[in-house]
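Take a look at the structure below.
Owing to the predicted nature of the structure, the values given are computational and were not obtained by experimental measurement.
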Amino acid sequence: MARLRTFLALDIGKTIRDRLITLQETLGRAAADVKWVEPENLHVTLLFLGEVDDRELPAICRAAQEAVADLPAFPLSIEGAGCFPNPRRPRVLWVGVGQGLQEVVAIHDAMEGKLLELGCYRREERKFTPHITLGRVKQDDSGEDLSMALQRKADWEGGSIDVREVLVMSSELTSQGPIYTVLSRAPLKSGR
């Protein structure tokens, strides 16, 4: 019985991904000690399931398809840079979702309900905030310069895409970074 680190995500397309890489490079000049997310791994995470028994994957893929089958495709804009937990102590650097925010939350909620029923997911205590993780700060000494760089990018715009599907993904951790694999695609109503 194999176990796979599994999550559900939205792909952001090449154009937005290229703009995010440029943003990472710009922010990187303000903070040297950041572990940047690899370009091919940039995405909007909907739900992180953690380690899942591979025998549960068909049910998870079906649940994802059922959860979004009646939800329409929609436009999604990627915009605004920020950090968690706060600008004085940036730990996670991110960009947010503008247009399509309510639709992303609706997908998250629909999928969460289905996966809770399956018993393969535990609800997170913190509120779901759709975003794309750009990088993780390794040390506290990047704070002030990085905070200023983030403030300058608060109105950053990465572009828009049409969301037509949700991806069920696996994540294999390696010494070079995680390798993501698409396990299944769950099309939205008009995304078929």
Side-chain angles (χ1 to χ4, degrees), residues 1-13 16-17 20 35 37-78 84-85 91-136 160-192:
M1 147 178 85
R3 296 187 65 76
L4 292 173
R5 291 180 84 237
T6 307
F7 64 97
L8 294 100
L10 301 177
D11 185 33
I12 54 170
I16 293 174
R17 187 170 284 110
L20 290 170
K35 169 65 173 110
V37 173
E38 295 81 4
E40 64 275 11
N41 292 345
L42 293 165
H43 63 273
V44 177
T45 300
L46 295 166
L47 295 162
F48 181 74
L49 305 181
E51 297 280 333
V52 172
D53 185 322
D54 62 356
R55 294 176 295 186
E56 295 175 340
L57 288 174
I60 290 169
C61 294
R62 265 192 313 281
Q65 290 171 353
E66 290 169 8
V68 300
D70 292 326
L71 297 176
F74 62 95
L76 175 75
S77 67
I78 302 301
F84 298 129
R91 290 282 183 229
V92 176
L93 310 180
W94 54 261
V95 294
V97 170
Q99 180 184 15
L101 177 68
Q102 292 177 337
E103 290 88 345
V104 174
V105 171
I107 289 172
H108 168 273
D109 293 349
M111 293 190 149
E112 184 178 62
K114 291 278 187 189
L115 295 170
L116 286 168
E117 288 173 20
L118 283 178
C120 61
Y121 177 74
R122 278 179 291 166
R123 180 172 283 144
E124 289 193 29
E125 291 184 24
R126 62 184 173 211
K127 182 180 178 237
F128 173 63
T129 305
H131 66 280
I132 299 169
T133 299
L134 295 175
R136 290 172 177 78
S160 296
I161 56 162
D162 287 329
V163 175
R164 300 185 182 284
E165 66 183 359
V166 170
L167 305 176
V168 179
M169 309 278 294
S170 70
S171 170
E172 178 187 349
L173 299 179
T174 72
S175 58
Q176 288 79 40
I179 299 172
Y180 295 164
T181 304
V182 176
L183 301 174
S184 174
R185 298 173 185 273
L188 299 175
K189 190 172 186 178
S190 57
R192 292 187 170 101

Smallest separation among heavy atoms of P85 and R91, with atom names: CD-CG, 3.7 Å
Closest approach of L118 to A59 (non-hydrogen atoms, all atoms of both residues): CD1-O, 3.6 Å
Test item: E172 side-chain N/O and P178 main-chain N/O as donor-acceptor pair under 3.5 Å: no
Test item: V37 and L134 side chains (from C-beta on) under 4.5 Å apart, heavy atoms: no
Side-chain donor or acceptor of S77 paired with backbone N/O of Q99 under 3.5 Å: yes
Straight-line distance of E51 CD to S170 OG, nearest 0.5 Å: 10.5 Å
Flag side-chain contact, heavy atom, 4.5 Å: T45 against T133: no
Residue pair Y180 / S171: nearest heavy atoms and the distance that separates them: CE2-OG, 3.3 Å
Greater than 12 external heavy atoms within 6.0 Å of Q102's CD: no
Spatial distance of atom CG (L4) from atom CG (L49) [nearest 0.5 Å]: 11.0 Å
Close side-chain approach of E103 and V163, heavy atoms under 4.5 Å: no
Reported CG-to-CG distance for the pair L10 and L46, which is rounded to 0.5 angstrom: 4.0 Å
Side-chain touch F128/D109, heavy atoms, less than 4.5 angstrom: no
Atom pair CZ/OG1 of R5 and T181 - distance to nearest 0.5 Å: 12.5 Å
Side-chain heavy-atom pair L167, R185 within 4.5 angstrom cut-off: yes
Heavy-atom pair of closest approach, residues V168 and A64: CG2-CB, 4.0 Å
Approximate separation, where rounding is to 0.5 Å, of D11 CG and I161 CD1: 6.5 Å
Atom of V105, atom of P130 and distance for their closest heavy-atom approach: CG2-CG, 4.1 Å
Contact check, side chains of H108 and L47, non-hydrogen atoms, under 4.5 Å: yes
Any side-chain heavy-atom pair of L8 and L115 under 4.5 Å: yes
K114 and I60, any side-chain heavy atoms less than 4.5 Å apart: no
Main-chain N/O of E40 paired with R17 side-chain donor or acceptor, under 3.5 Å: no
Side chain to side chain contact (heavy atoms under 4.5 Å, CB included) evaluation trace for R3 with D53: CA-CA 4 Å; R3 296 187 65 76; D53 185 322; 3.7 Å; yes
Parallel, tilted or perpendicular: rings of H131 and F84 (30°, 60°): perpendicular
CD1-CD1 distance between I78 and I132, expressed to the nearest 0.5 angstrom: 4.0 Å
